[in-house]
Amino acid sequence: MSADTFTDVFEEHRPFLMGVAYRMLGRVADAEDVVQDAWLRWSGADRAEVREPRGYLVRVTTRLAIDRLRQVKARSEAYVGPWLPEPYVTEFGDSVADTAERALLADSVSLAVLVVLESLSPLERAVFVLREAFGYPYAEIAVLLDRGEAAVRQLAGRARRHVEERRPRYDVDPVQRRDLTERFLAAAAGGDLQGLMALLAPEARLVADSGGKAKAPVRVLHSADKVGRFLAAVAAKSAADLSVRLVEVNGGPAVLTLVGGEPDTVFQLDVVDGVITTVYVRRNPDRMGSLAGH
């Protein structure tokens, strides 16, 4: 295999490797670092020893992601305020058919799932991602992680039970969610408190992630009244060079605000029975890089 062909093979698999790494880490920059490290391992590999490139690359990427996740968990203990997964653009376009596969990939990067995955051990998370998001057989996961198949099955069962116990138990109509997101955008942008209150469930909450580097509540806000008033107050103080657009991140519609053309805030909603139950606000400026140009 020539050097050019070796590079082409890696580039062919790069999007898949990025998908694995992001689901493992919930952080775009860390996922990109892991994939770059995987490239370095790949470029230095003995070509004669690599019989199945995809398997080799997934194994390397997964193991690097496990190591990075252990480092990140140690750093996150000092994080200021709530932590939310970094915005991840999921505008699949024509790359994924509009089928169950698209729904599965979107669900596997949803905020609800990624927040729960943060509470798994690195090995549990690796097994869950490979099994549930990408459908790898247990025997293949065992080889990738250098573990026995019985141990992998135990890890998978434990992770699956943990996720099912904590993830929201509802199905969201994508059309309804987008409609509510558009109505939320119109009411919030106009500072329409009554309009916001009409969209929020009485027990609605707002979870904001700024890492202490931008203005945002460091505690979760509870009740429609507190959430609505906060959002209306934010709208009243909007910058003159603010622009707003709808984007798809983490498998669903989101509101992206830009100041001076640069990504500033991402709002995303949990919707149950036609009302908004949670407003997620992501404002950490260090974690907006993936939204540049959107």
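Along the sequence shown, residues carry numbers from 1.
In this structure Gln194 satisfies the side-chain contact (heavy atoms from CB on, under 4.5 Å) test together with Asp192, sequence neighbours excluded. Scanning for ring pair (Phe, Tyr, Trp, His ring centres under 6.0 Å) contacts around Tyr138 gives an empty result, with sequence neighbours left out. In terms of the salt bridge (charged side-chain N to carboxylate O under 4.0 Å, His left out) criterion, residue partners of Arg178 (sequence neighbours excluded) are, by chain and number, Glu182. Listed by chain and residue number, Arg282 satisfy the side-chain hydrogen bond (donor to acceptor under 3.5 Å, both in side chains) test with Gln268 (two or more places apart in sequence, or in another chain). Partners of Tyr88 under the side-chain hydrogen bond (donor to acceptor under 3.5 Å, both in side chains) rule, at least two apart in sequence or in another chain, do not exist in this structure. When the side-chain hydrogen bond (donor to acceptor under 3.5 Å, both in side chains) test is applied to Ser243, no partner is found at least two apart in sequence or on another chain. Phe128 meets the ring pair (Phe, Tyr, Trp, His ring centres under 6.0 Å) test with no other residue; sequence neighbours excluded. Among residues two or more places apart in sequence or in another chain, the salt bridge (charged side-chain N to carboxylate O under 4.0 Å, His left out) test is passed with Glu11 by Arg14.
Between the side chain of Ser43 and the main chain of Leu40, a donor-acceptor pair closer than 3.5 Å is present. Arg158 places no side-chain N or O within donor-acceptor distance of the main-chain N or O of Glu124, the cut-off being under 3.5 Å. Arg166 places no side-chain N or O within 3.5 Å of a backbone atom of Leu117 that could act as its donor or acceptor partner. Remark: side-chain polar atoms of Thr257 are paired, donor with acceptor, to backbone N or O of Thr265 under 3.5 angstrom. At distances below 3.5 Å, not a single donor-acceptor pair connects side-chain atoms of Tyr136 with backbone N or O atoms of Val129. The main-chain N or O of Arg161 is never found under 3.5 Å from a side-chain atom of Glu164 such that the two would form a donor-acceptor pair.
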**OP:** Carefully, step by step, assess Leu258 and Leu242 under the rule side-chain contact (heavy atoms from CB on, under 4.5 Å).
**Re:** CA-CA 6 Å; Leu258 302 99; Leu242 178 82; over 6 Å; no
Original post:
Does the side-chain contact (heavy atoms from CB on, under 4.5 Å) test come out yes or no for Arg283 and Lys213, once each step is laid out?
Top reply: CA-CA 8 Å; Arg283 295 213 66 213; Lys213 298 183 178 183; over 6 Å; no
Original post:
Going through the distances and angles, do Leu17 and Val58 end up as a side-chain contact (heavy atoms from CB on, under 4.5 Å)?
Top reply: CA-CA 6 Å; Leu17 301 178; Val58 172; 4.1 Å; yes
**OP:** Mind running salt bridge (Lys or Arg N to Asp or Glu O under 4.0 Å) on Arg183 and Asp179 for me, showing each step along the way?
**Re:** CA-CA 6 Å; Arg183 290 162 60 193; Asp179 175 65; 3.4 Å; yes
**OP:** Let me see the working for Tyr22 and Glu32 under side-chain contact (heavy atoms from CB on, under 4.5 Å), right down to the final yes or no.
**Re:** CA-CA 8 Å; Tyr22 175 76; Glu32 289 174 340; over 6 Å; no
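Residues Thr62 and Ala126 share a closest heavy-atom pair of CG2-CB, 4.0 Å. Taking every heavy atom of both residues into account, Val218 and Pro82 meet most closely at O-CD, 3.4 Å. The shortest non-hydrogen separation linking Pro87 to Leu291 is CB-CD1, 3.8 Å. Scanning all heavy atoms of the two residues, the minimum distance from Val28 to Met18 falls at O-CE, 3.6 Å. Closest of all the heavy-atom pairs between Gly252 and Arg177 is CA-NH1, 3.8 Å. Heavy atoms only, all atoms of each residue included: Ala188 and Leu196 are closest at N-CD2, 3.9 Å.
Residue Arg160 qualifies as enclosed at atom CZ: its count of foreign heavy atoms under 6.0 Å is above 12. In the displayed structure, Asp273 atom CG is contacted under 6.0 Å by at most 12 heavy atoms of other residues, nucleotides or ligands.
Note that the CZ atom of Phe10 and the CH2 atom of Trp39 stand 7.0 Å from one another [nearest 0.5 Å]. The OG1 atom of Thr181 sits 10.0 Å away from atom CD of Gln176, with the distance rounded to the nearest 0.5 Å. Here Met288 contributes atom CE and Asp264 contributes atom CG; the two are 7.0 Å apart, rounded to the nearest 0.5 Å. Taken to the nearest 0.5 Å, the CG atom of Leu130 stands 9.0 Å off from the CD atom of Glu140. In this structure, CG in Leu199 is found 10.5 Å from CG in Leu231, a value given to the nearest 0.5 Å.
Residues Trp42 and Val60 are not in side-chain contact: their nearest non-hydrogen atoms beyond the backbone lie 4.5 Å or more apart. Leu25 is listed as a side-chain neighbour of Val34, based on a closest heavy-atom distance under 4.5 Å. You'll find the side chain of Phe267 stays beyond 4.5 Å of the side chain of Leu185, heavy atoms only.
The side chain to side chain donor-acceptor pair (under 3.5 Å) analysis of residues 218-227, with sequence neighbours excluded, yields the pairs Asp225-Arg229.
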Cut-off 3.5 Å, no hydrogens considered: what does the side-chain donor-acceptor table look like for residues 203-210, sequence neighbours left out?
unit_1 : atom_1 : unit_2 : atom_2 : d
Arg205 : NE     : Thr278 : OG1    : 3.3
Asp209 : OD1    : Tyr79  : OH     : 2.5
Asp209 : OD1    : Gly211 : N      : 3.4
Asp209 : OD2    : Leu84  : N      : 2.7
Asp209 : OD2    : Arg287 : NH1    : 2.8
Ser210 : OG     : Gly212 : N      : 3.2
Ser210 : OG     : Ala214 : O      : 3.2

Please tabulate, for the side chains in residues 146-156, all donor-acceptor contacts under 3.5 angstrom to protein atoms that are two or more places apart in sequence or on a different chain.
unit_1 : atom_1 : unit_2 : atom_2 : d
Arg147 : NH1    : Leu145 : O      : 3.2
Glu149 : OE2    : Arg153 : NE     : 3.4
Glu149 : OE2    : Arg153 : NH2    : 3.2

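Looking at Arg63 and Asp67, no side-chain N of the basic residue comes within less than 4.0 Å of a carboxylate O on the acidic one, giving no salt bridge. The existence of a salt bridge linking Glu118 and Arg27 is confirmed by a sub-4.0 Å separation between a basic side-chain nitrogen and an acidic carboxylate oxygen.
A side-chain contact (heavy atoms from CB on, under 4.5 Å) with Tyr280 holds for exactly one of Leu269, Asn250, Asp270; it is Asp270.
Linking ILVMFWY side-chain heavy atoms closer than 4.5 Å, directly or via other members, places Val143 and Leu57 in two distinct hydrophobic clusters. Grouping the Ile, Leu, Val, Met, Phe, Trp and Tyr side chains by contacts below 4.5 angstrom, directly or via other members, places Met197 apart from Phe230. Hydrophobic clustering (ILVMFWY, side-chain heavy atoms < 4.5 Å, transitive): Leu193 and Leu180 are in distinct clusters.
Residues near Val275 contribute nothing to a hydrophobic cluster around it, because no ILVMFWY side-chain heavy atom sits closer than 4.5 Å to its side chain.
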